Amino acid sequence: MRKYIIKTYGCQMNEHDSERMSYMLQNLDYTETDSYDDADLIIYNTCIIRKNAELKVYGHLGAMKALKKKNPQLIIAVCGCMMQIKEAREVIREKYKHVDIVFGTKNLSSLPYLLNQFHIAHERIIDVEETDDIDELQNAIRKNKHSAYVNIVYGCDNFCSYCIVPYTRGRENSRSNKSILTEIRSLGIQGYKEITLLGQNVNSYGKDMYPPMSFSELLRQIETIGSVDRIRFLTSHPKDLGEDLIDAMRDLDKVCNHIHLPLQSGSNRILKKMNRKYTIEEYTEKVDKLKSKIPGIAITTDIIIGFPGETEEDFEQTLDAIRKIRYDQVFIFKYSKRVGTGAAKMKDQVDEDIKSRRFQQILDLVNDICYENNSEYLGRIEKVLIEGKSKNDPDKLTGRTESNKIVHLNADDSIIGSIVDVEITGFSSFTLEGKVAK
Ligand code: SAH
Ligand code: SF4
Ligand code: F3S
C-alpha cells in the first residue's frame, strides 16, 4: 500500500481541505503515515496570509530535496492558498524543481486525476484553476472524531486592504442549505457532537443565493437536527453582524455562547485605511448587545499591529478598546506586507522594532484580562465536550466549555466524546482545570 503525509499550514479552512484530500487518497488505497522516510506522497497544503507562513513552506520544501534524492519515487505536491498567487507559484516553478504537482484551492478534487496523470507521464504538473464554482465533493476523513468542520461559504468579497485571502479563495460563494443540512445530518449519525461552520465571513452567508437566505436562518435550520449537540461558527465580520444573528444565538440552545469577532484596530483612522467598513463605536455597540442579550458570552478577536501609518495614538486606542471589551482571547498579528494588496503600496510602513514593542504591550494586557476573566469560572459547573487526552500531559483529558475555554481534568478515558458536567477547580490566563462534577 502507498503511504501519504499531508502537511497543513494556515487556518481551519485549510485543515478541512486536508481532511477532504485524506478522503480522496484513502479511496485510492493510500494510508496515512507520519514518517517522511516511508512516504510515497507528501502534500504541502500552504498558507500565504503572512510572510512567516510563506517562509515556513519554503523551509520545509527545501529540506525535501535530500529526501527526494534518496527516494526518487517520492511524489511531492504543493497546493493551497500560496499556489493561487502567481509570484509564489513562480518561486516553486523556478527554485523548487523537485516539486512534482502543483494545484490550487479551486481544484482540490482533481487530486486523484492529477496523481494518475503524473503516474502515466512522469512529468511535472502545474494546474491551478480560477473558477468560482463550488466543489461539492465534501467527503472528508476528519482528524477530530467528536467535533467536525463544515464549509458553508467559500471566498471573500471584503478586500480588507491588508489581506490576501480574496485573491487566494476567490469571490464569496454560499453552499446550498440543503447540502449543508445533509452533511450535518450524516455527521450526527456518525456520532459527531459538535460542528463548526466555516467561512471567511459566515455573516454574509446566503446573500448571493436566489432567493437570498440569512445566516441566522441557516442556524435555525441546523438547530433542528437532533443528533448534533453544539453548533459553532468561524469567522464573523463585525460589519455584517446583525441583530437577527444575536437573537438566534440567544434563542437557539445548540449555538454556543462564543463569538470570534475580529476587531483589527481600535482606531477609526486605521479601520478606515484597512477598509473594514465599521467604526469602533459601531463595533462596541454590537459587543454591548451581544453581552446583554447573551449573558456569559465569550468574545475573542484578532488584532493587527503596525498597520502602515499606525501612530502611538492609534495604538493607544487599540489598547483602550481591549481594556473596555475585556476579550476572552486575542490573537495578535504583526502587520505583514502582502503582494497585490492595497496596504502594500501605502507609505509609512511601521518599523519592526516598534511592532515588536507594541506586540509585547498588548500581550501583557491581554494576559491580565484573560486571567481575570478565567478566574470567574472558579467553582462553576460547566458543560464540557471531552475531546481526548491532553497533548502536554497524557494522564489528563482535555475538552472545551460552550464558551470555547479549554479545560484539563483527571478522569477516566471512557468519557472521551461525551459532554459532561465539570466543576472548575483552577485556572490560568489560557486554560481551566476541573474535575467531573458529582
Ligand atoms: N476572514 C477572517 C480572517 C482571516 S485571516 C476575518 O475576516 O475575520 C485571520 C487574521 O489574520 C485576520 O483577522 C487578521 O487579523 C490577520 N491578517 C490578515 N492579513 C494579515 C496581514 N497581511 N498581516 C498581518 N495579519 C493579517
Ligand atoms: Fe481577509 Fe477581510 Fe476577507 Fe477576512 S474579511 S478574509 S480579513 S479580506
Ligand atoms: Fe487560511 Fe492562510 Fe488561506 S489563513 S484562507 S490558509 S491564506
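Quick caveat: nothing in here was measured; it's all calculated off a predicted structure. Remember, it's 1-based here, ligands and their atoms both numbered in the order they're listed.
Residue side and main chain included, Cys11 places an N/O/S atom under 2.8 Å of atom 1 (Fe) of ligand 3.
Checking His237, Lys334, Gln12 against atom 24 (C) of ligand 1, the nearest heavy atom belongs to Lys334.
Between Phe307 and Tyr162, the ring planes lie perpendicular to each other; the angle is over 60°, past the 30° to 60° tilted range.
Close approach of ligand 1 to Arg338 is summarised as follows: ligand atoms under 4.0 Å from at least one heavy atom of the residue are 22 (N). For ligand 1, the atoms closer than 4.0 angstrom to any heavy atom of Tyr335 are 23 (N), 24 (C). Within ligand 2, the atoms closer than 4.0 Å to a non-hydrogen atom of Arg276 are 2 (Fe), 7 (S), numbered from 1 in the order shown. Residue-ligand proximity, Pro262 to ligand 1, at heavy-atom distances under 4.0 Å covers atoms 8 (O). Within ligand 1, the atoms closer than 4.0 Å to a non-hydrogen atom of Gln264 are 12 (C), 13 (O), 14 (C), 15 (O), numbered from 1 in the order shown.
Using a 4.0 angstrom heavy-atom cutoff, Asn201 does not count as in contact with ligand 1.
Only the side chain of Phe333 comes within 4.0 Å of ligand 1, judged by heavy-atom distances. When heavy-atom distances to ligand 2 are checked against a 4.0 Å cut-off, Pro262 has no atom that comes that close, whether in backbone or side chain.
Looking at ligand 1, you'll find an N or O of Arg50 within less than 3.5 Å of one of its N or O atoms.
Within the 4.5 Å cutoff, the side chain of Pro238 has no heavy atoms near those of the Leu263 side chain.
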